[in-house]
Novice: 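Dropping a structure here in structure tokens format, bear with me for questions.
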Amino acid sequence: MLTEINFDGIVGPSHNYAGLSLGNLASARNSGRVSRPRDAALQGLAKMRLNLSMGLTQGWFMPHDRPDEAWLSRLGFGQDRGMEQADAGLRYAAMSASAMWAANAATVSPAPDTRDGRCHLTAANLVTMPHRSHEWPGTLAQLRLAFADTAHFAVHEPVPPPFGDEGAANHMRLCASHGSAGIEVFVYGRSGGPFPVRQHREASAVVARRHGLDPERTILAEQSEEAIAAGAFHNDVVAVANEMVLFTHEQAFADPAALYAQLRARLPELVIVEVPAAAVSLEQAIASYLFNAQLVTLPDGGMALILPGEARENGAVWAWLQQLVAGNGPIRALHVADLRESMANGGGPACLRLRVVVDPTTVDPRFLASADRIAQVERVVTRHWPEEIAPDDLARPSLWQAVKAARLSLLSELDLSTLA
């Protein structure tokens, strides 16, 4: 039976605030702060527990190897001495823990949408940001392990540069139910004002062709320049979809009327929940990560939003949400997760997960979470993850060694040492 699984990235032990992500306002605002990797990982694991408590199926991906000496070696620094030789900017990039945001790991097209009836996954290249551009080899290795059954999956290498692809954060799927054929919407940018566009139209088109999608059920939609300029560096900061519901800000898309018309023509049962700018401004939506919520279908058929605590703390946002769930629409429940460490770097609940609609029995079970297995990981994190990382710590060999040892402990605990 096809089920939606949320695969969350376990926050890595090198989680820090180096402020590397241009256009991500939270990342820039908190640059130079002391991070708390242990708390960050435990907060992410608590969100996974919340999902399980609601009857959702939960998976996970492992932190990547950091510091990434192999990447520094490809940049011309000495083997195993790159961290000593590189300048501070490259050193910070080599220590980045941003693979925790699994929404950028890949783009996923479930089997009902594809020509060959398999689930297709394309690892994102993330080429527009140096600190993320070296994630894909580690991501691809995990995708090929977790989804190794070639009768059910096709795992693709990243789209070649220079076309920037940032994965599922710029992709939405609308359908009558998860197991039925869907409409896949690829959202790209043309201009972001002062900020770079991260998802290129050409990359989205490549992914759609590779996955064997029906052109009649595939839409390429442009994100609005004003949304990107306001700090919506990915579409999932201003819009999220689940089954027949599109939850979106009024200013998310360059031509919302045309997009809505296309969607309604293909999916008559579509429900569009549009938040007007007069009620919640773009700035309020982005600061609270209202739309970077997980919009999920519960086992009883209702829908819920899993929101960061910052959404509850914003008066205008929370007032609008209270009106939403009090109405007769499909979204009836709100659940709040404390993700302050991730949010301070610009990643909310939706950033942390990759949605894969699949039969769970076809997935490598080591990548599926349960309450007991989460407890295992919590013990490893509590014992091995650094409590704090200050900016100056990123230059210390003792931290590099501790981070590597912590990750290896986790891989050993979960029988995934093959990823070492």
Side-chain angles (χ1 to χ4, degrees), residues 21-24 101-109 113 120-129 132-133 135-136 139 156-174 182-241 246-263 266 272 274 282 285-286 291-292 346-347 350-351 354-355:
S21 189
L22 180 62
N24 182 328
W101 295 307
N104 302 120
T107 304
V108 183
S109 295
D113 298 355
H120 285 248
L121 305 95
T122 291
N125 62 32
L126 298 163
V127 296
T128 61
M129 291 287 140
R132 304 210 66 177
S133 66
E135 287 178 18
W136 70 263
T139 297
H156 303 275
E157 292 191 352
V159 173
F163 307 119
D165 176 29
E166 305 239 334
N170 298 296
H171 174 262
M172 300 183 296
R173 181 174 186 260
L174 290 141
I183 311 299
E184 299 205 17
V185 182
F186 295 80
V187 183
Y188 65 90
R190 290 192 187 276
S191 174
F195 301 132
V197 168
R198 301 198 186 183
Q199 186 69 31
H200 298 166
R201 190 182 192 281
E202 297 85 351
S204 296
V206 170
V207 174
R209 287 193 297 270
R210 280 182 172 181
H211 291 191
L213 301 182
D214 181 352
E216 294 300 313
R217 301 180 68 83
T218 304
I219 297 173
L220 272 66
E222 183 182 349
Q223 188 176 3
S224 74
E225 180 177 350
E226 58 192 331
I228 301 172
F233 53 100
H234 293 137
N235 175 68
D236 68 1
V237 179
V238 284
V240 61
L246 172 62
F247 180 47
T248 180
H249 193 271
E250 178 185 12
Q251 297 170 291
F253 304 104
D255 190 348
L259 173 61
Y260 299 166
Q262 286 180 287
L263 289 172
R266 292 163 170 79
I272 297 175
E274 184 184 78
L282 266 177
I286 292 167
F291 297 97
N292 199 251
C351 287
L354 182 70
R355 307 165 81 169

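None of the values given here were measured: they were computed from a predicted structure.
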Novice: Kindly indicate, with the supporting measurements, whether the criterion side chain to side chain contact (heavy atoms under 4.5 Å, CB included) is fulfilled by Gln199 and His234.
Specialist: CA-CA 8 Å; Gln199 186 69 31; His234 293 137; over 6 Å; no
Novice: Can you tell me how far the CZ atom of Arg190 sits from the CD atom of Glu222, to the nearest 0.5 Å?
Specialist: 5.0 Å
Novice: Could you work out, with salt bridge (Lys or Arg N to Asp or Glu O under 4.0 Å) as the rule, every residue matching Arg217, not counting sequence neighbours?
Specialist: none
Novice: Tell me every residue that passes ring pair (Phe, Tyr, Trp, His ring centres under 6.0 Å) with His171, counting only those two or more places apart in sequence or in another chain.
Specialist: Phe186
Novice: Is Pro196 close to Thr128 at the side-chain level, that is, under 4.5 Å between some pair of heavy atoms?
Specialist: no
Novice: Which pair of non-hydrogen atoms, one from Pro161 and one from Val127, has the smallest distance, and what is that distance?
Specialist: CB-CG1, 4.1 Å
Novice: With side chains defined as the heavy atoms from C-beta onward, is the minimum distance between Leu126 and Thr139 less than 4.5 Å?
Specialist: no
Novice: Show your reasoning for whether side chain to side chain contact (heavy atoms under 4.5 Å, CB included) applies to Asn235 and Phe291.
Specialist: CA-CA 9 Å; Asn235 175 68; Phe291 297 97; over 6 Å; no
Novice: Could you measure the distance from the CG atom of Asn292 to the CD1 atom of Ile286? Nearest 0.5 Å is fine.
Specialist: 11.0 Å
Novice: Answer yes or no: is there a side-chain heavy-atom contact under 4.5 Å between Asp165 and Pro158?
Specialist: no
Novice: Of all residues at least two apart in sequence or in a different chain, which pass the salt bridge (Lys or Arg N to Asp or Glu O under 4.0 Å) check with Asp236?
Specialist: none
Novice: Looking at side-chain heavy atoms only, is the closest gap between Arg173 and Asp113 below 4.5 Å?
Specialist: yes
Novice: Between Arg210 and Val207, is a side chain to side chain contact (heavy atoms under 4.5 Å, CB included) present by the stated rule, with each step listed?
Specialist: CA-CA 5 Å; Arg210 280 182 172 181; Val207 174; 5.6 Å; no
Novice: Are Ser224 and Gln251 close enough that a side-chain donor and a side-chain acceptor fall under 3.5 Å?
Specialist: no
Novice: Is any side-chain heavy atom of Ser21 less than 4.5 Å from a side-chain heavy atom of Arg132?
Specialist: no
Novice: Check whether any side-chain heavy atom of Ser109 lies under 4.5 Å from a side-chain heavy atom of Leu213, and answer yes or no.
Specialist: yes
Novice: Applying side chain to side chain contact (heavy atoms under 4.5 Å, CB included) to Tyr260 and Thr248, what does each step give before you reach the verdict?
Specialist: CA-CA 11 Å; Tyr260 299 166; Thr248 180; 3.4 Å; yes
